[in-house]
Amino acid sequence: MLEDGFGREVTGVRVSLTDRCNFDCVYCHNEGLGDTRGPLDPQDDELSTDRVVAFLEVCAEYGVEAVKFTGGEPMLRDDLEELVRRTPDAMEVSMTTNGTFLPGRAAGLVDAGLERVNVSQDALDAEDFAALTNSGAYERVLEGVEAALDAGLAPVKLNMVVFEPTAGYVPRMVDHVAENRGLQLQLIEYMPELAGHPEWAIDIQRVHDWLADRADHVETREMHDRKRYFVRSETGEATPGTAMAAADGGVRTDPGASDVGMVEIVDPVGNAEFCANCHRVRLTHDGYLKGCLNRNDDLVDIGETKAQMRAAFEKTVDERVPYYGEYMVEDEDGDWTFNEAYQDSEGDRTPYEYSTDD
Ligand code: SAM
């Protein structure tokens, strides 16, 4: 396993299979690569099936244990089932999707080897959902979640980005996972670094505090020091805080349910601890490795041959640095400022000069 200069082993890769998407979520960072709007048919710059598989085989050589397919919308790739099937056996395969293409394909993906799925779901109301995603496919997403559960992918993690427009929906989403077996909720702090609109960000500590009150018990996961809140479904739960108070309190599908749901908060913004525990590198849909989601000045072309891919992987790991705490440093006022030591970073899509041995 390769380790960077900050003692962080790279155990996982996140592979963006396309930057195309059938949604246009208002908050989307698109893995750091800009707008997702555009044609939905396959594009010439996308990695071929063989190139993705070769890259994953190289990752397996370096002891990488897990791959997550993402995008854009990864299910717009017709070869997704083949990619999952050809992923080296030693690697766990998961996917993040908007869920709309899971009906009809979930079972085949499980047959091919898909082990886990995250489905993005930011609201429990069709109109709210449409406003956030610029899509009318709310029902289809619910069907997608059902299809994933039917295919044996429980627990299905629902990804919800928490920011001003959605903060009021949190209590209902928490109830939803407490009331429905097989669901978990991952609350993702809105990351304005790439998506803009810093004014949309909320104080995520408020959500932690509210959940700590609401939860039966709390566990801390070693990875990223992440907290997991176990919540029980309760009729008539009070909703605290300003943004939280905007929620409608939740529709109970089963007032007598006593199931416990799991809620996790992913809070990377301004969190040096989170970055110190980041063990992932990312591959863009057009074949560049990224050491950090928030940066585009460290892109390394993976090349075509496995030798080039090995060199690119080693270079990426060698050069990756924690974003908060190193690339960005905290001043005495608690503000994060750019570390001048990185002013010579190469810039967008700098071609990587391979040695003749590669
Ligand atoms: N289309 C797929 C989907 O909907 O899950 C995969 C791509 S999407 C970029 C991957 C994840 O990034 C989603 O779970 C989404 O919620 C999250 N995400 C996107 N923009 C974000 C932002 N600005 N802050 C925090 N999370 C964000």
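Computation of the quantities below employed the complete heavy-atom set of this structure, encompassing side-chain atoms and omitting hydrogens, waters and symmetry-equivalent molecules. What you see is a predicted model; the values in this text were computed from it and never measured. Counting starts at 1 for both ligands and their atoms, following the listed order.
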Pick, from Ala201, Ser120, Pro74, the option with the minimum heavy-atom distance to atom 4 (O) of ligand 1. Ser120
Name of the residue among Val13, Ile302, Asp318, Val300 meeting side chain to side chain contact (heavy atoms under 4.5 Å, CB included) with Phe313: Val13
Test item: Val26 and Trp200 side chains (from C-beta on) under 4.5 Å apart, heavy atoms: yes
Can you confirm whether Arg214 sits close enough to Val263 that some side-chain heavy atom of one is under 4.5 Å from a side-chain heavy atom of the other? no
Residue pairs passing the salt bridge (Lys or Arg N to Asp or Glu O under 4.0 Å) test where at least one lies in residues 142-151, sequence neighbours excluded: Arg140-Glu143
Tell me yes or no: between the side chains of Asn294 and Tyr327, is some donor less than 3.5 Å from an acceptor? no
Is there a side-chain contact between Gln343 and Phe338, using heavy atoms and a 4.5 Å cut-off? yes
Specify side chain, backbone, both or neither for Thr97, according to which of its non-hydrogen atoms lie closer than 4.0 Å to ligand 1. backbone
Residue selection (non-hydrogen contact nearest atom 2 (C) of ligand 1) among Cys25, Cys21, Gly71, Gly72: Gly72
Option nearest atom 21 (C) of ligand 1 (shortest heavy-atom distance, choices His29, Arg14, Lys157): His29
Note: heavy atom closest to atom 9 (C) of ligand 1, options Cys28, Ala195, Gly99, belongs to Cys28
Report yes or no: does Glu189 have a heavy atom closer than 4.0 Å to ligand 1? yes
Within ligand 1, which atoms have a heavy atom of Thr70 less than 4.0 Å away? 6 (C), 7 (C), 10 (C)
State whether the shortest distance between N or O atoms of Glu73 and N or O atoms of ligand 1 falls below 3.5 angstrom. yes
Between Gln308 (side chain) and Thr305 (backbone), is there a donor-acceptor pair under 3.5 Å? yes
Applying a 4.0 Å heavy-atom criterion (strictly less than), which segment of Val161 is in contact with ligand 1: side chain, backbone, both, or neither? side chain
